[in-house]
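If you're wondering where the values come from, they're calculated on a predicted model, not measured in any experiment.
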Amino acid sequence: MSLAAEPISPLLRTASRSVQRALSELRRGDLVLLRGSDGRALLLRAAEMADAPSLALVRQAAAQAGGAEPALVVTDKRALAAGVLAAAVDPAQADPMGAVAVVIAPAQGLTPDLVRLLADPTRPGPAALAPAATVRPWPSAEGEALQLVKLARLLPAIVAAEVPAARAAEVAERHDVLTVKGADVQAYQAAGEASLRQVVEAAVPLLDAEDTRLIAFRAPDGGVEHLAILIGNPDPARPVLARLHSECFTGDLLGSLRCDCGAQLRGAIREIAAQGSGVVLYLAQEGRNIGLMNKLRAYRLQDAGADTVDANLMVGFEADERTYLPAATMLKALGFTSVRLMTNNPDKLAQLARWGVQVVDRVPHIFPANGHNIAYLRTKAEKAGHLL
């Protein structure tokens with residue numbers, strides 16, 4: 001397999017660098033200044049990092065520039081679950097993933113306890129504390145701020161204080177705050193997924209498929225890495241037997257019985273080896289692309305009675321945050337433009353077709369329940385439309 005890749009444009013590299021740096025700043029609990037595509041400027045801090053000193057810093061920095069009092073921004077899904085919204089928001093107002101930004105600005109001001117209560121559904125507290133809110137239709141600076149914190153794999157909630165756009169550069173310089181453009185945030189994920197490049201290939205004999213090579217892919221910004229598990233020597237001129245598998249630390253590595261992920265991964269490898277050749281794409285999309293920490297939060301909610309779909313919504317995400325552009329990019333890089341797809345998920349068929357990979361056949365990929373994942377599988381079928 002060739003490891004050649006098209007050069008990355010300087011503009012894309014610069015934009016990716018600023019977003020990557022912003023993600024690091026947010027994960028460290030630092031401030032970021034977002035220049036929204038709507039012309040507004042927001043001073044941001046990740047909600048899950050908010051404490052009394054950090055809220056005071058946001059408030060002071062904004063006030064010095066004549067800005068607004070800090071507010072909490074969450075997705076409409078989280079606002080509904082927290083009792084802030086009485087009804088669902090018109091989907092026409094949503095971003096491409098389906099989320100709408102909701103701005104919560106309590107009259108008494110934000111406190112760390114109120115931020116935690118409204119942002120994190122695993123924190124106990126009275127729902128009566130939830131104040132009224134304002135919806136910000138897409139595109140908005142608040143929506144781009146939520147995209148940014150999602151990319152950082154943090155809770156989809158952010159403390160934001162609007163500052164006058166004319167004084168945004170002054171605020172950034174005075175407080176040594178990184179500035180990121182909302183338009184760059186919007187373009188970041190798809191740009192990285194479409195420009196994945198092969199980095200290295202090595203033979204890795206597996207227990208159920210000895211003739212196996214691992215091919216690592218990485219975006220040019222040095223971000224997320226995905227793997228292709230290439231079994232045998234599939235002919236690119238024919239539809240390849242393929243499985244798209246989103247990583248699952250608990251199921252794949254620990255053997256968790258809450259899901260069927262481990263069985264699906266090992267079963268796909270065994271079946272492809274038995275058929276002679278094919279590929280498993282191991283995609284870095286833990287928890288339907290919400291990240292391991294947020295998946296564990298969703299588990300807490302499931303233990304309290306929520307199903308897998310509702311738990312993700314209660315945390316503030318969509319039921320499924322995945323896209324399959326990375327998979328299509330990897331398949332094309334490997335020389336495959338048509339597949340026989342091992343899946344029960346119709347969304348994978350539609351997304352591969354959208355990104356230019358022909359699915360000539362769907363191969364069912366079903367495994368028995370184990371006594372612990374019956375409700376999980378039922379929810380997949382009834383709410384997510386999986387063909388089980």
Side-chain angles (χ1 to χ4, degrees), residues 21-34 36 40-65 67-79 81-84 99 101-134 136 140-163 171-172 174-180 185 290-291 293-294 296-297 300-301 314-317:
R21 288 181 60 196
L23 300 181
S24 297
E25 298 287 285
L26 289 172
R27 289 179 63 85
R28 284 198 297 267
D30 291 332
L31 292 174
V32 169
L33 185 80
L34 174 74
R40 297 161 54 239
L42 299 179
L43 197 57
L44 308 175
R45 184 184 294 276
E48 71 176 86
M49 310 291 189
D51 54 18
S54 66
L55 285 175
L57 177 60
V58 176
R59 186 173 288 113
Q60 178 186 22
Q64 286 175 343
E69 179 74 10
L72 179 67
V73 182
V74 299
T75 67
D76 56 323
K77 311 302 186 298
R78 177 67 201 132
V84 175
V102 176
V103 182
I104 305 171
Q108 71 274 29
L110 288 180
T111 65
D113 287 344
L114 187 55
V115 169
R116 283 190 289 269
L117 170 66
L118 295 174
D120 188 346
T122 66
R123 300 273 186 170
L129 285 177
T134 301
R136 287 282 191 186
S140 68
E142 287 86 358
E144 290 157 348
L146 286 175
Q147 285 191 330
L148 192 62
V149 80
K150 280 185 179 184
L151 288 167
R153 292 294 188 268
L154 299 170
L155 275 172
I158 201 154
V159 173
E162 184 169 356
V163 298
V171 172
R174 175 183 295 171
H175 298 280
D176 191 25
V177 174
L178 174 74
T179 298
V180 64
V185 176
I290 69 174
M293 301 301 106
N294 288 315
L296 295 179
R297 289 184 171 105
R300 287 277 301 274
L301 299 174
M314 290 167 68
V315 178
F317 292 96

Separation between CG (Leu34) and CD1 (Ile158), nearest 0.5 Å, reads 8.0 Å
Let me confirm one number: the CG-CG distance from Leu301 to Leu296, rounded to the nearest 0.5 Å. 11.5 Å
Mind checking what makes side chain to side chain donor-acceptor pair (under 3.5 Å) contact with Asp76, not counting sequence neighbours? none
Do the side chain of Glu48 and the main chain of Leu155 share a donor and acceptor less than 3.5 angstrom apart? yes
Treating Thr75 as the side-chain partner and Gly316 as the backbone partner, does any N or O pair qualify as donor plus acceptor under 3.5 Å? yes
More than 12 heavy atoms of other groups within 6.0 Å of Arg21 CZ: no
Nearest-0.5 Å distance, CZ of residue Arg116 to CG of residue Leu72: 12.0 Å
Interatomic spacing from CG in Leu42 to CG in Leu33 - rounded to 0.5 Å: 8.0 Å
So, the side chain of Arg78 versus the backbone of Phe317: is there a donor-acceptor pair under 3.5 Å, distance only? no
How far apart are the closest heavy atoms of Ala65 and Val171, and which atoms are they? CB-CG2, 3.4 Å
Can you sort out the partners of Arg40 under side chain to side chain donor-acceptor pair (under 3.5 Å), two or more places apart, ordered by chain and number? Asp38, Glu142, Glu162
Does the Arg27 side chain pair with the main chain of Ala152, one donor and one acceptor, at a distance under 3.5 Å? yes
My understanding is that only residues two or more places apart in sequence, or in another chain, count here; which of them pass side chain to side chain donor-acceptor pair (under 3.5 Å) with Glu144? Ser37, Gln186
